[in-house]
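Any value given below was found using the heavy atoms of this structure, including those in side chains, with hydrogens, waters and symmetry copies removed.
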Amino acid sequence: MGLIVQKFGGSSVADAQRVMNVAQRVLDTYKQGNSVVVVVSAQGDTTDDLIEKAKEINPKASKREMDMLLSTGEQISISLLAMAIQKLGGNAVSLTGWQAGMHTDSNYGTSRIHKIMSERLKKELDAGNIVIVAGFQGINKYDDITTLGRGGSDTSAVAIAAALGADLCEIYTDVDGVYTADPRIVKGAKKLDDISYDEMLELASLGANVLHNRSVEMAKKYNVKLVVRSSLNHNEGTIVKEVNKVEKMLVRGVARDNDVARIALVNIVDEPGVAFRIFSLLAKKGINVDIILQSIGREGKKDISFTVNESNLDAAVDLLNEHKETIGFEEIKTTSEVSKVSIVGAGMVNNPGVAASMFEALYDANINIHMIATSEIKVSVLINEKNAEKAVNAIHDKFHFA
C-alpha cells in the first residue's frame, strides 16, 4: 500500500470519545497496509483558553513566550492520541514539532517552515509505528519553539506529506468536503468531488474556512494530493489536485469574508509616488492590502480606498496618521461594517459574462457594491456586512450549481 498523512483538527479530538474515534480511524488506515503519519491540533478550545491564561498574567506577553505556551496544546493532543491507539492494540509514538524535524524561521507566532529533517519520522515509520506529530509548531535556529499561526496544522501536514513523498494527505474536518458555498448559510450548497489547487487557493484566501491558504500553496508547489473529508463519517471527500474539468462549471464556489475593513484616504496630493509611499509603508509593517480603488484626480487632489484585515485596522490607521504629512492626505475614514463576497472558478477566464451575472444577482437583490477586484479566476466585491449572507445566497442561486 502507501504512505498516508492524516490531519485532525481540534474539534475532531475535543474529548475522550472523539480521541478514541480518531484512534480507531487511524488504526483502520494502518491495518489496510499503509504507513501512517497523523498531525493533530490542540483539543477543542484549548488554544483560546491558553491565550486567556496569558492575558491574566501579562496582556502584552512576548511572542516568544506565547509560542512556548501555545505549543503545549498540541503536545496534550498527540500524547492522548498515542495512548488511545496503544489501548486499541496499535503501536504509536508521539513527536513534537521539533522532534519531527520541523525547522522554521524566527517570526514568532507566524513562522514559516524552512525545511523538515525527516530522519526521525522515517526511523519511526520503518519501526512499524504510527507517528503522531504536533501540528502548528516547529523550532528555529535559536532552538526556540515557534508556531505557524492560524491554520498551521494544515500546513504542517502538507509539509510532512511533501517531505516524505506521501501518496495522500487527508485533511479531516467537521464538514464532508469543499462546498460551492458555506452549507451553514446556503441551503443549496453542493459538495464538490474535486477542485484545482488554484481554485482552492483563491477560496481559502477569500474566506472559505476549510483549508488554510498556505497549506494549499504548499500542496500545489510540491504536487501533494489532498483530500478534504469529514472526521464524523466515512463519506467521500473533495480531492484537491492540479488538473480539473474546468469546462463543467464556470464558477466553482462563492466565498464570504467578514474579517475586512475599508480605509479611505481623502484629498491626497495627486502626484507620482503617493501610492508607493502608502503601500510600501503598510507592507513594511506586514499589513496586507487587498482591494484598492483610486478616484480620478480633481484640483490636484484624489482619494484612495483599500481594504485590510479587520484585525490590522487599528495598526494601519495609527501608521498612516503617523506619516500623514509625508503621504499628504487631509482625512482618513474607516469602516469595519463591510464584507467581501467572491466567486471563484478557473473556467471564468474565457467567459467575460460571468462578472456581469454576479453583478446582476446583486442588483436583483438590491445590494450596492462599494469596490470591485478581479483576477483571471475570481471576482470579489465589497458590500455592507449586513447584506453578506443575502448576497452569497443570491449569487449562488444565479449560477445554478449542478
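- In plain terms, the two heavy atoms of Ser71 and Met68 that are nearest each other are OG-O, 3.0 Å.
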Step-by-step side-chain contact (heavy atoms from CB on, under 4.5 Å) determination, Ile278 to Phe306: CA-CA 11 Å; Ile278 295 167; Phe306 54 91; 4.2 Å; yes
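- Between Asp198 atom CG and Lys220 atom NZ the span is 4.0 Å, to the nearest 0.5 Å.
- Taken from CG in Asp167 to CG in Asn34, the straight-line distance is 8.0 Å, to the nearest 0.5 Å.
- Surrounding CD of Gln86 are more than 12 heavy atoms belonging to other residues, nucleotides or ligands, all under 6.0 Å away.
- Remark: side-chain polar atoms of Lys390 are paired, donor with acceptor, to backbone N or O of Ala365 under 3.5 angstrom.
- Between Val13 and Asn21, the closest side-chain pair of non-hydrogen atoms is not below 4.5 Å.
- The shortest heavy-atom contact between Leu203 and Ala255 is CD2-CB, 4.1 Å.
- Between Val178 and Met200 the shortest heavy-atom distance is CG2-SD, 3.7 Å.
- Taken from CD1 in Ile145 to CD in Gln137, the straight-line distance is 6.5 Å, to the nearest 0.5 Å.
- Counting non-hydrogen atoms of other residues, nucleotides and ligands closer than 6.0 Å to CG of Asn233 gives a total above 12.
- Between Thr104 and Thr146, the side chains place a donor N or O and an acceptor N or O closer than 3.5 Å (distance only, hydrogens not considered).
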Please evaluate residues Arg25 and His234 with respect to the criterion side-chain contact (heavy atoms from CB on, under 4.5 Å), reporting the C-alpha separation (whole Å), side-chain torsions for both, the decisive distance (0.1 Å), and the verdict. CA-CA 10 Å; Arg25 187 150 199 163; His234 290 270; 3.5 Å; yes
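- The backbone N or O of Gln99 sits less than 3.5 Å from a side-chain atom of Thr96, completing a donor-acceptor pair.
- A distance-only check finds no donor-acceptor pair linking the side chain of Asn309 to the backbone of Ser311 [under 3.5 Å].
- In the model, Asn235 has a side-chain atom that pairs as donor or acceptor with a side-chain atom of Asp176 under 3.5 Å.
- Minimum heavy-atom separation, Ile377 to Glu199: CD1-N, 4.1 Å.
- Few gaps surround CD on Glu271; more than 12 heavy atoms of other groups in view lie less than 6.0 Å from it.
- Rounded to the nearest 0.5 Å, atoms OG (Ser295) and NZ (Lys301) are 12.0 Å apart.
- A salt bridge is absent between Lys123 and Glu119: the closest approach of a Lys/Arg side-chain nitrogen to an acidic carboxylate oxygen does not fall below 4.0 angstrom.
- Here the side chains of Ser196 and Glu242 are not in contact, with every heavy-atom distance at 4.5 Å or above.
- Remark: the backbone N or O of Thr147 is paired with a side-chain donor or acceptor of Asp67 at under 3.5 angstrom.
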Quick one: do Ile332 and Ile263 satisfy side-chain contact (heavy atoms from CB on, under 4.5 Å)? Show the steps, please. CA-CA 7 Å; Ile332 187 166; Ile263 297 173; 4.0 Å; yes
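- No side-chain heavy atom of Ile304 sits less than 4.5 Å from a side-chain heavy atom of Leu293.
- Using a distance-only test at 3.5 Å, with no hydrogens or angles considered, a donor-acceptor pair links the side chain of Ser339 to the main chain of Asp257.
- One N or O on the side chain of Ser280 and one on the backbone of Phe276 form a donor-acceptor pair closer than 3.5 Å.
- In this structure, the side chains of Asn387 and Asn384 come closer than 4.5 Å at one or more pairs of heavy atoms.
- Counting all heavy atoms, side chain and backbone alike, Tyr30 lies closest to Gly128 at OH-O, 2.7 Å.
- Here the side chain of Ser156 pairs no donor or acceptor atom with the backbone of Gly135 at under 3.5 angstrom.
- Within the 3.5 Å criterion, the main-chain N or O of Val131 finds no donor-acceptor partner in the side chain of Asn129.
- We find the NZ-CD1 distance between Lys324 and Ile268 to be 11.5 Å, quoted to the nearest 0.5 Å.
- We find that Lys386 and Glu337 are not joined by a salt bridge, their nearest charged nitrogen and carboxylate oxygen being 4.0 Å or further apart.
- Between the side chain of Arg214 and the backbone N or O of Leu148 there is at least one donor-acceptor pair closer than 3.5 Å.
- In terms of heavy atoms, Val5 sits closest to Ile160 at CG2-CG2, 4.2 Å.
- Panel note: side chain Ser77, backbone Gln43; a donor-acceptor pair is recorded below 3.5 Å.
- Between Leu88 and Gln24 the shortest side-chain heavy-atom distance falls below 4.5 Å.
- Contact of the Val40 side chain with the Lys7 side chain is not registered, since no non-hydrogen atoms from C-beta on lie closer than 4.5 Å.
- Counting non-hydrogen atoms of neighbouring residues, nucleotides and ligands closer than 6.0 angstrom, the CZ atom of Arg277 exceeds 12 such neighbours.
- Within the 4.5 Å cutoff, side-chain heavy atoms of Glu331 are placed close to those of Lys333.
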Checking side-chain contact (heavy atoms from CB on, under 4.5 Å) for the pair Asp105/Asn140: CA distance, chi angles, key distance, verdict? CA-CA 6 Å; Asp105 62 25; Asn140 66 15; over 6 Å; no
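- Distance CG/Leu81 to CD1/Ile132: 4.0 Å, rounded to 0.5 Å.
- The 12-atom threshold is not exceeded at NZ of Lys225, counting heavy atoms of other residues, nucleotides or ligands nearer than 6.0 Å.
- Ring geometry, Phe8 versus Tyr172: the interplanar angle falls under 30°, so the pair is classed parallel (tilted spans 30 to 60°).
- Lys340 places none of its side-chain heavy atoms less than 4.5 Å from the side chain of Arg256.
- Every side-chain contact (heavy atoms from CB on, under 4.5 Å) that Ile139 has, sequence neighbours left out, goes to Trp98, His103, Asp143.
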